[in-house]
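Start at 1 and go down the list; that is how both ligands and their atoms are numbered.
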Amino acid sequence: MINENERGEALSPVGMFDSGVGGISVLREAVRLLPNERFIFYGDTKNAPYGTKTKEAVLALSRQVVKALLKRQCKAIVIACNTATSAAAADLRAEYPDLPIIAMEPALKPASLLHSDGVVLSLATPGTIAGEKYAHLYALYGKGVVSLPCPGLMEFVERGELDGPALNRYFETLFMPYRDKKVEAIVLGCTHYSFLKKSIAGFFPGVPLLDGNGGTVRQLRRRLEAQNLLAPAEAAGGVELLSSGGGEPVKTMQALLCAEL
Ligand code: DGL
């Protein structure tokens with residue numbers, strides 16, 4: 001039985017954040033799977049990138065963002081950022097033990113099912129790849145995995161630049177050593193990179209590109225269900241986009257939310 005308090009809380013928004021616009025790739029899935037939920041998405045563009053900062057700096061920034069989202073009465077938090085997950089998820093969960101905090105990790109586990117005798121390329125930020133969480137994941141599912149830190153790559157997505165000669169040059173350099181290898185899967189371990197699928201697929205036609213977005217949103221649904229926090233079927237869902245960087249990044253977010261990919 002759901003009581004009145006729970007019904008009120010179920011109508012509260014879900015807070016979601018990233019260092020910038022990349023987490024919109026998670027939000028797109030969330031809106032599709034949970035159309036009755038209200039989402040507040042916060043992109044910390046002013047402080048982006050997170051991926052080249054220290055763990056301590058990313059933890060401090062993540063704390064600030066979560067505080068701001070909780071002021072807006074969010075019933076759950078989705079960390080739509082692999083880097084912030086690695087740096088901050090454990091601390092935030094300890095600091096807010098009653099709050100559902102859903103986080104993400106590079107999809108090495110699903111990729112390991114596709115690995116035989118070739119290689120799996122795992123693209124993520126330098127911070128994610130250097131983190132303890134990734135080392136743990138790699139120890140379990142890292143067979144055949146080549147980890148590729150990608151400083152400077154999220155900035156293309158921040159600029160709304162999802163293709164073009166400069167991006168192609170970036171990928172040519174990054175992928176050069178693997179063009180003749182048997183690449184069995186590519187892990188997109190940063191939420192920004194999901195917006196670059198088309199460009200990456202151009203280098204490796206037919207190779208599966210794995211991000212953790214669907215799994216993260218299904219986990220959000222399970223957590224909300226388990227705590228009687230799912231918005232009722234008659235609730236009107238919606239999206240509110242916020243950025244520490246002002247109006248321009250919000251425009252990019254809006255465009256990415258609706259973009260045909
Ligand atoms: N989108 C973020 C991630 O998933 C990181 C981008 C950055 O700020 O470096 O890791």
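Shortest contact from atom 6 (C) of ligand 1 to any protein heavy atom: S19 OG, 3.4 Å. Residue, atom and distance of the protein heavy atom nearest to atom 10 (O) of ligand 1 are T83 OG1, 2.6 Å. Looking only at heavy atoms of the protein, atom 9 (O) of ligand 1 is closest to G51 N, 2.8 Å. Protein heavy atom in closest approach to atom 1 (N) of ligand 1: H192 ND1, 2.8 Å.
At a 4.0 Å heavy-atom cut-off, ligand 1 touches T191 through backbone and side chain alike. Only the side chain of T125 comes within 4.0 Å of ligand 1, judged by heavy-atom distances. When non-hydrogen atoms are compared, ligand 1 lies under 4.0 Å from neither the backbone nor the side chain of A48.
The ligand atoms of ligand 1 that sit less than 4.0 angstrom from a heavy atom of C190 are 1 (N), 2 (C), 3 (C), 4 (O), 5 (C), 6 (C), 10 (O). Atoms of ligand 1 found under 4.0 Å from any heavy atom of D18 (numbered from 1 in listed order, with element): 1 (N), 2 (C). Close approach to Y50 involves these atoms of ligand 1, each under 4.0 Å from a residue heavy atom: 7 (C), 8 (O), 9 (O). Heavy-atom proximity to M154, at under 4.0 Å, picks out these atoms of ligand 1: 6 (C), 7 (C), 8 (O), 9 (O).
No hydrogens or angles considered: nothing links the side chains of T128 and S86 as a donor-acceptor pair under 3.5 Å. A donor-acceptor contact closer than 3.5 angstrom links the side chains of E184 and S116. With no hydrogens or angles considered, a side-chain donor-acceptor pair links Y134 and S122 at under 3.5 Å.
When the shell of 6.0 Å around CD of E240 is examined, it contains more than 12 heavy atoms from other residues, nucleotides or ligands. Counting non-hydrogen atoms of other residues, nucleotides and ligands closer than 6.0 Å to CZ of R218 gives a total of 12 or fewer.
Between T128 and ligand 1, not a single N/O pair is under 3.5 Å apart. Note: no N/O pair closer than 3.5 Å links T52 and ligand 1 by distance alone.
No side-chain heavy atom of F156 sits under 4.5 Å from any side-chain heavy atom of S199.
Between E225 and R222 there is no salt bridge, since no side-chain nitrogen of the basic residue lies less than 4.0 Å from a carboxylate oxygen of the acidic one.
Partner of C74 under the side chain to side chain contact (heavy atoms under 4.5 Å, CB included) criterion, out of P13, S12, P100: P13 alone.
Taking 4.0 Å as the cut-off, C81 counts as a neighbour of ligand 1 on heavy-atom distance.
Proximity of the aromatic rings of Y178 and F204 is defined here by a centroid distance below 6.0 angstrom, and this criterion is not met.
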